Structures are given as structure tokens and as C-alpha cells.
Amino acid sequence: MERLQKVIANAGITSRRKAEDLISKGIVEVNGKIIRELGYKVSPSDTIKVNGKKIKTERKVYFLLNKPRGVVSTVEDDKERKTVIDLISCKERIYPVGRLDYDTTGVLLLTNDGVFANNLMHPSKKIDKVYVAKINGKMKTEDFLKLENGIIIDNQKTAPAKVRLKKYDKDKDISYIKITIHEGKNHQVKKMFEVLGYRVLKLKREREFIFGLNDLASGEYRPLTQEEIKMVLDLNKK
């Protein structure tokens with residue numbers, strides 16, 4: 001079951017906000033009945049009409065993208081920068097599941113399935129996200145412990161992270177740190193290191209839940225398998 005305004009938006013008729021206006025004006029029908037209730041939920045078997053015309057619901061699609069640097073994780077960008085949507089050939093109206101910063105690379109999932117997206121993003125699911133951060137300097141032992149115990153960023157304490165050193169380049173005085181978190185605060189990984197006095201030079205998300213990059217080159221994408229989709233949708237059962 002999904003909200004009526006979302007189904008209308010996913011059908012490519014208009015935005016979700018404008019779909020709400022159409023519902024409020026009484027020009028949306030579900031199974032022959034005018035619906036004015038925002039948030040009214042419909043199933044795939046329901047017949048929905050807007051202005052007397054039956055809408056065609058989109059098939060659900062799911063993609064894994066290796067997001068390159070210099071691309072924004074939004075559907076549209078007011079600065080006319082390239083978005084992750086521009087990288088995927090797809091007639092359905094998809095959107096990214098969460099976000100990666102403009103200069104952050106790696107695993108990004110895209111879909112038009114709200115349940116799938118919510119299962120990965122909802123804090124209660126505690127989905128692991130694994131990053132590799134390239135930082136200046138050699139990280140101190142006590143700083144590993146601070147990240148593992150949780151630190152204060154934006155006046156809130158982060159959940160405990162898993163942290164380990166992948167590599168330290170003595171000549172360049174640069175460390176590569178693998179860090180696993182399950183939260184999704186804005187710029188979280190960068191802020192966690194900055195609080196400790198380190199600057200993140202590069203950041204890559206290597207895995208989210210079961211999804212890794214494997215052989216995907218930067219900018220490449222692939223559809224998810226039915227087994228992968230089921231594993232995410234089954235998170236509702238836990």
C-alpha cells in the first residue's frame with residue numbers, strides 16, 4: 001500500500017506536491033470514488049483516475065550505481081549540475097535512496113519503490129554503510145576509540161562506529177580509514193573526522209547493506225537481482 005499522491009507522482013503525471021493539490025480539489029478517483037483525503041493509501045489493484053483519465057502505474061525498478069565524483073545525489077539541481085539520474089537510462093521516475101556528497105563516490109541505490117527505500121533509510125533498521133576515508137596524518141589510537149564509542153557532532157552523539165586502519169602512507173603522511181556506520185546524518189563521516197582534527201581528502205562508500213561495487217567502474221550501474229530486492233523488502237518482517 002502506498003499514499004495516493006505518491007502513486008500519482010510515480011505515474012509521471014505531476015510532482016507529489018501538485019498531486020496533493022489535485023486530490024484536495026476533488027478531481028482524483030479511486031475505484032470510482034472521489035478521494036480528498038491526503039495520505040489515502042492505495043494498492044496496485046486499485047483503479048485511479050485523474051480528471052477522468054485512468055493513470056498507468058510504473059513498474060518498480062531498482063539500480064545500484066557507482067557514483068562518481070562531481071555528481072549530485074538529487075533528481076534535479078538548481079545549479080544545473082549533473083545528477084545521478086542523468087547517469088541512468090530509465091523511463092521510470094527514480095530517485096536516490098539517501099544521498100552521497102558531491103565529492104563522495106561509491107555505492108548509491110536508486111529506485112521508485114518507497115518501501116524499498118524506507119527499509120534502507122529508516123533508523124530502526126540500522127543498515128550498515130561502509131566507507132573508506134582518506135585523511136591527512138596518522139590517526140591516533142585514542143581517536144579510534146572515540147569513534148567506536150560515539151562522538152558529538154551537531155550537538156548529538158553518534159552511534160558507535162566500527163573503525164580500522166587500512167593503510168598509512170608515511171611518505172605522504174596520509175591514512176586510509178575504513179569506517180562502518182548505520183546512521184545517515186548530513187556529512188556525517190566528514191564531520192566525525194573533522195571533530196577529531198582530521199581533514200577528509202577523499203571519501204568512498206564501499207558497501208551499503210548487502211550491496212558492494214564489485215566490478216562496477218565509476219559512473220556504471222546495474223539493475224538489482226530479484227534476490228537482492230527481496231532481501232531488502234524482507235527487512236519489513238524483522
Side-chain angles (χ1 to χ4, degrees), residues 5-19 57-122 127-136 154 174 176-179 181 183-194 199-225 228-229 232:
Q5 58 264 40
K6 183 176 180 182
V7 173
I8 294 171
N10 285 345
I13 294 173
T14 185
S15 68
R16 195 179 305 186
R17 182 171 295 180
K18 289 182 179 178
T57 55
E58 290 185 327
R59 68 186 179 102
K60 302 297 185 185
V61 292
Y62 312 82
F63 298 100
L64 168 61
L65 169 71
N66 183 353
K67 178 193 170 297
R69 187 185 305 273
V71 178
V72 291
S73 299
T74 56
V75 175
E76 297 176 345
D77 183 62
D78 55 9
K79 297 178 182 177
E80 298 186 351
R81 294 173 295 183
K82 181 177 286 189
T83 75
V84 291
I85 306 301
D86 296 327
L87 301 177
I88 296 180
S89 178
C90 173
K91 65 180 181 180
E92 288 80 12
R93 290 161 58 96
I94 58 174
Y95 51 86
V97 179
R99 292 189 179 187
L100 289 179
D101 293 342
Y102 182 75
D103 58 349
T104 299
T105 64
V107 171
L108 184 68
L109 295 155
L110 299 99
T111 186
N112 57 357
D113 185 339
V115 175
F116 178 95
N118 187 64
N119 279 1
L120 289 173
M121 292 191 296
H122 199 281
I127 299 298
D128 277 351
K129 304 175 184 71
V130 182
Y131 296 83
V132 172
K134 176 183 176 182
I135 65 171
N136 64 303
D154 299 330
I174 288 172
Y176 295 84
I177 308 294
K178 186 173 184 177
I179 178 168
I181 64 173
E183 298 168 298
K185 296 181 175 67
N186 196 29
H187 308 303
Q188 180 172 341
V189 175
K190 291 179 181 178
K191 289 179 179 178
M192 290 170 75
F193 283 105
E194 285 170 1
R199 185 162 56 94
V200 175
L201 307 173
K202 284 186 179 180
L203 186 62
K204 180 179 184 179
R205 183 154 71 191
E206 290 196 331
R207 182 170 63 84
E208 179 174 6
F209 188 44
I210 60 169
F211 302 104
L213 294 171
N214 298 326
D215 297 326
L216 280 183
S218 179
E220 288 186 344
Y221 66 93
R222 67 166 177 85
L224 301 190
T225 67
E228 290 171 331
I229 296 165
V232 175

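The structure displayed is predicted, hence computed values, not measured ones.
Pairing each heavy atom of Ser89 with each of Tyr221, the nearest pair is N-OH, 3.1 Å. For the pair Ala133 and Leu203, the tightest heavy-atom approach, listed with the atom from each and the gap, is CB-CD1, 3.7 Å. When every heavy atom of Leu110 is checked against every heavy atom of Ile94, the shortest pair comes out as CB-CD1, 4.2 Å. In plain terms, the two heavy atoms of Asp154 and Lys191 that are nearest each other are OD2-NZ, 2.8 Å. Looking at every heavy atom in both residues, Val97 comes nearest to Ala117 through CG1-O, 3.9 Å. For the residue pair Leu108 and Gly98, the shortest heavy atom distance occurs at CD1-O, 4.1 Å.
Atoms OH and CE, from Tyr131 and Met192 in turn, are 10.5 Å apart once rounded to the nearest 0.5 Å. The CG atom of Leu65 sits 8.0 Å away from the CG atom of Leu216 when rounded to the nearest 0.5 Å. The structure places CD of Glu206 at 12.5 Å from CD1 of Ile179, a figure rounded to the nearest 0.5 Å. Atom CD1 of Ile135 and atom CD1 of Ile177 lie 4.5 Å apart (nearest 0.5 Å). Put simply, NZ on Lys67 and OH on Tyr102 are 8.5 Å apart, with the number rounded to the nearest 0.5 Å. In this structure, CG on Leu224 lies 8.0 Å from CD1 on Ile210, to the nearest 0.5 angstrom.
Remark: the backbone N or O of Lys60 is not paired with any side-chain donor or acceptor of Asp113 at under 3.5 angstrom. A donor-acceptor pair under 3.5 Å links the side-chain atoms of Asn119 to the main chain of Val232, judged by distance alone.
Other residues, nucleotides and ligands place more than 12 heavy atoms under 6.0 Å from the NZ atom of Lys185. Residue Arg222 places its CZ atom among more than 12 non-hydrogen atoms of other residues, nucleotides or ligands, all under 6.0 Å distant.
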Open item on the list: Before you tell me yes or no, could you show the steps for Glu194 and Val200 under side chain to side chain contact (heavy atoms under 4.5 Å, CB included), namely the whole-Å CA-CA distance, both residues' side-chain angles and the distance that decides it to 0.1 Å?
Closed with: CA-CA 8 Å; Glu194 285 170 1; Val200 175; 5.7 Å; no

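Salt bridge Asp77/Arg81: present, at least one basic N to carboxylate O contact under 4.0 Å.
Put simply, the residue from Phe63, Phe209, Tyr62 that forms a ring-ring contact (aromatic ring centres under 6.0 Å, His included) with Phe116 is Tyr62. The side-chain contact (heavy atoms from CB on, under 4.5 Å) with Pro96 is formed by just one residue from the set Val72, Leu109, Thr83, Val75; it is Val75. With Leu100 as reference, Arg205 is the one residue of Arg205, Arg69, Lys129, Lys204 to meet the side-chain contact (heavy atoms from CB on, under 4.5 Å) rule.
Annotation: side-chain hydrogen bond (donor to acceptor under 3.5 Å, both in side chains) contacts of Thr225 (sequence neighbours excluded): Glu228.
In this structure the side chain of Cys90 reaches within 4.5 angstrom of the side chain of Val61, judged on heavy atoms. Lys18 places none of its side-chain heavy atoms less than 4.5 Å from the side chain of Ile8.
Legend: salt bridge (charged side-chain N to carboxylate O under 4.0 Å, His left out) pairs involving residues 91-101, not counting sequence neighbours, sorted by first then second residue: Arg59-Glu92, Asp101-Lys190.
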